[in-house]
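To start, the structure itself, in structure tokens.
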Amino acid sequence: MRMSELFSRTLREAPNGADCKGYEYLLRAGFIKQLAAGVFDLLPMGLRSIRKVEAIVRDEMEKIGAQEVLMPLVNPGDIWKETGRFYSIDREMSRFKDRNDRDMVLAMTHEEAATDMARAEVDSYKRLPQLFFQIQTKWRDDPRPRAGLIRVREFTMKDSYSFDKDQEGLEKVYKAHYDAYFRIFHRCGLPVVAVGSDSGMMGGKVAHEYMYLAPIGEDTIITCDKCGYTANRQVARFTKKCHQEEMKKIEKVSTPDAKTIDDLCSYLKIKPEMTAKSLFMIGAFINDRNGKEEDKLIIGVIRGDMDIEENKLQNACKANSLRPAREEEIVANGVIPGFGSPIGASKNVVVVVDDSVSGSSNLVAGANESGFHYLNTNFGRDYDGIVADIASAATGYACPECGAPLTCSKGVEVGNIFQLGVRYSEAMGCYFQDEQGVRKPVIMGSYGIGIGRLLACLAEEYNDDNGLALPVSVAPYQVQLVSLVKDEAIAEKMYSDLQNAGIEVLFDDRKESPGVKFSDADLIGLPVRLTLGNRSLKEGKVEMKLRSNLNETNMLDISDLVSEVKDCISKLQKPLS
RNA sequence: CGGGUAGUAGCGCAGGGGCUAGCGCACUUGGUUCGGGACCAAGGGGUCGGUGGUUCAAAUCCACUCUGCCCGACCA
């Protein structure tokens with residue numbers, strides 16, 4: 001490609017709102033352009049990179065036996081009603097009516113469509129297992145898109161769906177994805193870690209996320225450096241020490257103005273782990289009788305030295321969604337904020353108690369009376385509720401596997417894999433007959449990779465003060481040919497020789513000053529740079545540099561150019577294969 | 001959905017009741033320059049986000065609204 005003919009131009013200044021470097025350079029180098037909040041144009045350079053990522057993904061998916069399909073972005077609302085997600089997913093899913101007043105949705109994922117395809121094809125164990133994938137647009141009306149391509153509303157995703165006759169088959173295809181994903185990220189050059197994760201709206205039990213660890217990440221990853229335990233904070237476990245002793249008699253004490261755990265502890269001269277604190281949320285629950293959604297107050301009870309992980313709380317009480325409770329909603333259930341606890345609260349509330357509280361004795365808790373707390377409260381004797389792990393892991397807490405201190409880091413989720421089980425197949429009637437003629441639901445898995453987000457992470461990982469430096473496997477072109485000489489014929493010949501040898505070249509043939517050309521070459525950051533200038537040309541040579549190390553120059557004989565460049569590209573490619 | 005902030009040329013910004021709306025980059029033409037974002041000269045490009053109002057007069061003041069960005073809520 002000739003830069004004189006290239007559609008996009010480089011920008012000298014970053015457009016407003018480019019808050020991280022990777023995003024800024026993608027904009028400035030002319031890879032992408034924002035059209036609306038969380039909606040982006042892919043310009044020619046950006047699309048070339050995306051196509052390379054897709055090719056790697058496609059190759060690895062085909063290697064594990066996945067067949068490519070394409071399911072529509074627009075789905076009939078009916079299949080989403082079959083699984084209930086038409087109702088359980090809030091405004092993040094966009095809906096519209098067609099001309100005949102039928103409910104339609106813009107698919108934010110394709111479990112329903114995939115299950116629909118499978119139920120038509122799969123009737124016998126002989127037709128299983130099946131695995132297919134697609135690379136397709138998703139629409140999720142995120143309330144707050146940000147950070148360029150990291151968090152967008154419209155995006156391309158590779159998603160695959162597996163169908164098995166038993167758990168063993170699911171685990172096999174799950175493992176195949178687990179490994180294939182590492183190969184995909186490796187070939188793209190993105191360092192990732194796989195962490196145990198929550199299955200969220202997807203349902204199912206076992207799930208992993210692939211995290212690119214970086215400060216721009218919005219997920220918190222809990223890691224044990226000693227034994228390698230890693231998990232998303234949403235599900236991360238840790239070992240809790242509980243203090244048990246004989247139950248003492250409950251006793252009400254005056255604690256004026258002690259509305260926080262800190263106040264309470266200094267007033268009573270006790271440690272936070274001797275208290276139980278309560279968090280009040282409103283959860284939306286589906287009523288089993290009439291299928292309608294109704295709000296209930298949830299009291300999450302945790303020991304004073306820890307915090308509640310809302311995701312764990314939501315899972316423990318099986319609420320559809322959670323939000324913080326307003327003061328009047330708390331009071332309406334007989335609870336006094338600041339002095340609140342489940343003791344004496346209305347029977348309508350859902351009480352979820354962390355196992356640190358149920359396992360500890362004689363904790364101080366609110367008396368639901370302004371200015372009073374109870375001493376020596378005990379779960380089971382003084383109040384009841386669901387017992388679960390609802391505590392949020394934090395730096396320094398003990399690893400659940402080995403006891404070493406845990407650390408926190410930030411990460412971006414670039415891929416995920418879920419063992420779905422029978423959630424969708426049962427709901428949508430995707431059944432098969434086994435060897436004994438018994439009708440069973442197909443066991444499913446689903447597996448995603450955010451293609452654009454992957455590129456955004458690569459841009460974040462591979463840049464310096466002057467621009468991008470994408471790995472050769474995903475860079476839009478392999479070589480940037482910078483011509484500084486007046487004699488066009490020689491540069492033209494180099495350009496066509498390289499192209500004829502199958503090398504992808506971006507040829508800067510513009511009538512620009514050397515400074516402009518070098519700066520743009522840095523910004524776009526193609527892995528190999530060839531500079532043709534009078535200095536070297538006199539000796540029949542051309543300069544070759546790597547974007548990753550601009551300080552080192554190789555002088556090549558023009559006669560050896562093609563073979564040298566090919567050699568260099570394959571050297572760069574080697575660690576990525 | 002709350003809180004903040006902004007919308008003036010392709011991009012980055014200035015102007016803040018008054019006569020022809022400005023600057024840098026980018027763009028066009030001519031010339032000089034030519035290994036790290038060159039220089040000179042001459043040009044082109046604007047419904048000042050939109051609607052309504054106040055006023056002799058609105059980019060400027062007021063109201064409403066749309067859109068972007070940041071923080072939070074939210075997020076497979």
Side-chain angles (χ1 to χ4, degrees), chain A residues 8-20 23-24 27-28 30 33-39 85 88-93 107-111 138-148 150-153 155 157-159 197-204 207-211 217-220 232 234-235 281-282 310-311 314 321-326 412-418 420 445-450 453 465-467 482-487 508 510-523 529 531-538 542-543 545 550 553:
Chain A
S8 56
R9 286 191 296 196
T10 55
L11 299 174
R12 226 177 254 216
E13 285 173 291
N16 205 346
D19 41 6
C20 54
Y23 178 29
E24 178 190 329
L27 287 166
R28 285 186 50 208
K33 181 185 175 303
Q34 183 170 354
L35 179 61
V39 178
R85 292 208 287 183
S88 65
I89 295 172
D90 200 24
R91 294 191 306 165
E92 197 182 347
M93 182 160 72
M108 43 194 294
T109 173
H110 281 84
E111 280 75 19
K138 311 282 186 235
W139 172 261
R140 292 183 190 177
D141 198 357
D142 193 308
R144 191 175 162 204
R146 67 185 101 175
I150 299 278
R151 192 168 151 181
V152 292
R153 295 193 294 170
F155 57 100
M157 187 172 183
K158 185 292 297 177
D159 45 329
S197 75
D198 181 52
S199 52
M201 75 169 183
M202 310 299 291
H208 285 86
E209 287 169 345
Y210 289 75
M211 291 289 182
E218 295 187 283
D219 284 291
T220 302
N232 194 308
Q234 292 180 332
V235 296
M281 306 290 291
I282 297 293
E310 287 181 20
N311 186 71
Q314 182 175 346
S321 63
L322 287 189
R323 64 167 171 84
R326 291 188 291 269
V412 181
E413 180 189 352
V414 285
N416 57 35
I417 53 179
F418 296 102
L420 297 176
S446 88
Y447 318 84
I449 290 180
R453 183 179 277 188
D465 288 343
N466 299 316
V482 179
S483 169
L484 304 177
V485 294
K486 285 233 178 72
D487 181 5
D508 193 346
R510 298 173 302 171
K511 308 250 178 299
E512 288 289 351
S513 69
V516 170
K517 291 188 173 189
F518 286 130
S519 296
D520 280 347
D522 291 345
L523 180 57
R529 179 177 316 169
T531 308
L532 184 63
N534 288 320
R535 230 157 54 180
S536 54
L537 192 58
K538 276 185 215 147
V542 59
E543 281 172 46
K545 285 184 176 189
L550 291 174
T553 305

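Lettering follows sequence order; numbering is per chain, from 1.
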Minimum heavy-atom separation for [X] and [Y], please, with both atom names.
| X | Y | result |
| --- | --- | --- |
| A:Gly38 | A:Val152 | O-CB, 3.4 Å |
| A:Thr531 | A:Val542 | O-CG2, 3.3 Å |
| A:Ala14 | A:Glu24 | CB-CG, 3.3 Å |
| A:Phe418 | A:Tyr447 | O-CE2, 4.2 Å |
| A:Thr109 | A:Arg85 | CG2-NH2, 3.6 Å |

Could you state the [atom1]-[atom2] distance from [X] to [N], rounded to the nearest angstrom?
| X | N | atom1 | atom2 | result |
| --- | --- | --- | --- | --- |
| A:Arg28 | B:rG12 | CZ | C1' | 12 Å |
| A:Tyr23 | B:rG68 | OH | P | 12 Å |
| A:Arg153 | B:rC75 | CZ | C1' | 13 Å |
| A:Arg535 | B:rG36 | CZ | P | 8 Å |
| A:Leu532 | B:rC34 | CG | P | 17 Å |
| A:Lys538 | B:rC34 | NZ | C1' | 13 Å |
| A:Asn416 | B:rC75 | CG | P | 15 Å |
| A:Asp508 | B:rC34 | CG | P | 19 Å |

Between [X] and [N], is there a contact of a side-chain N or O with OP1 or OP2 at under 4.0 Å?
| X | N | value |
| --- | --- | --- |
| A:Arg12 | B:rA26 | yes |
| A:Gln34 | B:rC69 | yes |
| A:Ser519 | B:rG37 | no |

[X] side-chain proximity, nearest of [options]:
| X | options | result |
| --- | --- | --- |
| A:Glu92 | B:rA38, B:rC75, B:rC1 | B:rC75 |
| A:Arg9 | B:rG72, B:rC27, B:rC1 | B:rC27 |
| A:Arg144 | B:rG68, B:rG35, B:rC70 | B:rC70 |
| A:Ala37 | B:rG12, B:rC27, B:rC69 | B:rC69 |
| A:Glu13 | B:rC74, B:rC27, B:rC11 | B:rC11 |
| A:Glu512 | B:rC27, B:rG37, B:rC74 | B:rC27 |
| A:Thr531 | B:rG72, B:rG37, B:rG35 | B:rG35 |

Residue matched to [N] through Watson-Crick or wobble contacts both under 3.5 angstrom:
| N | answer |
| --- | --- |
| B:rG37 | none |
| B:rA58 | none |
| B:rG46 | none |
| B:rG24 | B:rC11 |
| B:rG17 | none |
| B:rA73 | none |
| B:rU5 | B:rG68 |

Contact class for [X] (heavy atom, under 4.0 Å): base, sugar-phosphate, or nothing?
| X | value |
| --- | --- |
| A:Lys486 | base |
| A:Leu11 | nothing |
| A:Phe155 | base |
| A:Arg91 | sugar-phosphate |
| A:Pro15 | sugar-phosphate |
| A:Asp520 | base |
| A:Thr553 | nothing |
| A:Glu310 | sugar-phosphate |

**OP:** Would you mind telling me which residue lines up with the more 5' stretch of RNA chain B, A:Asp522 or A:Gly448, judged by nearest nucleotide?
**Re:** A:Asp522

Original post:
Mapping A:Arg529 and A:Gly38 to their closest nucleotides on RNA chain B, which lands nearer the 5' end?
Top reply: A:Arg529

Original post:
For A:Arg151, does its backbone N or O pair with a side-chain atom of A:Arg146 as donor and acceptor, under 3.5 Å?
Top reply: no

Subject >> Donor-acceptor contact below 3.5 Å, side chain A:Asp522 vs main chain A:Gly467 >> reply: no

Subject >> Pair of N/O donor and acceptor under 3.5 Å linking B:rC74 base with A:Arg151 side chain >> reply: yes

Subject >> Pairwise C1' distance, B:rG44 and B:rC64 [rounded to whole Å] >> reply: 37 Å

**OP:** Taking atom P in both B:rG46 and B:rA38, compute the distance separating them and give it to the nearest angstrom.
**Re:** 28 Å

Original post:
Is a salt bridge present between A:Asp142 and A:Arg153, judged by a nitrogen-to-oxygen distance below 4.0 Å?
Top reply: no

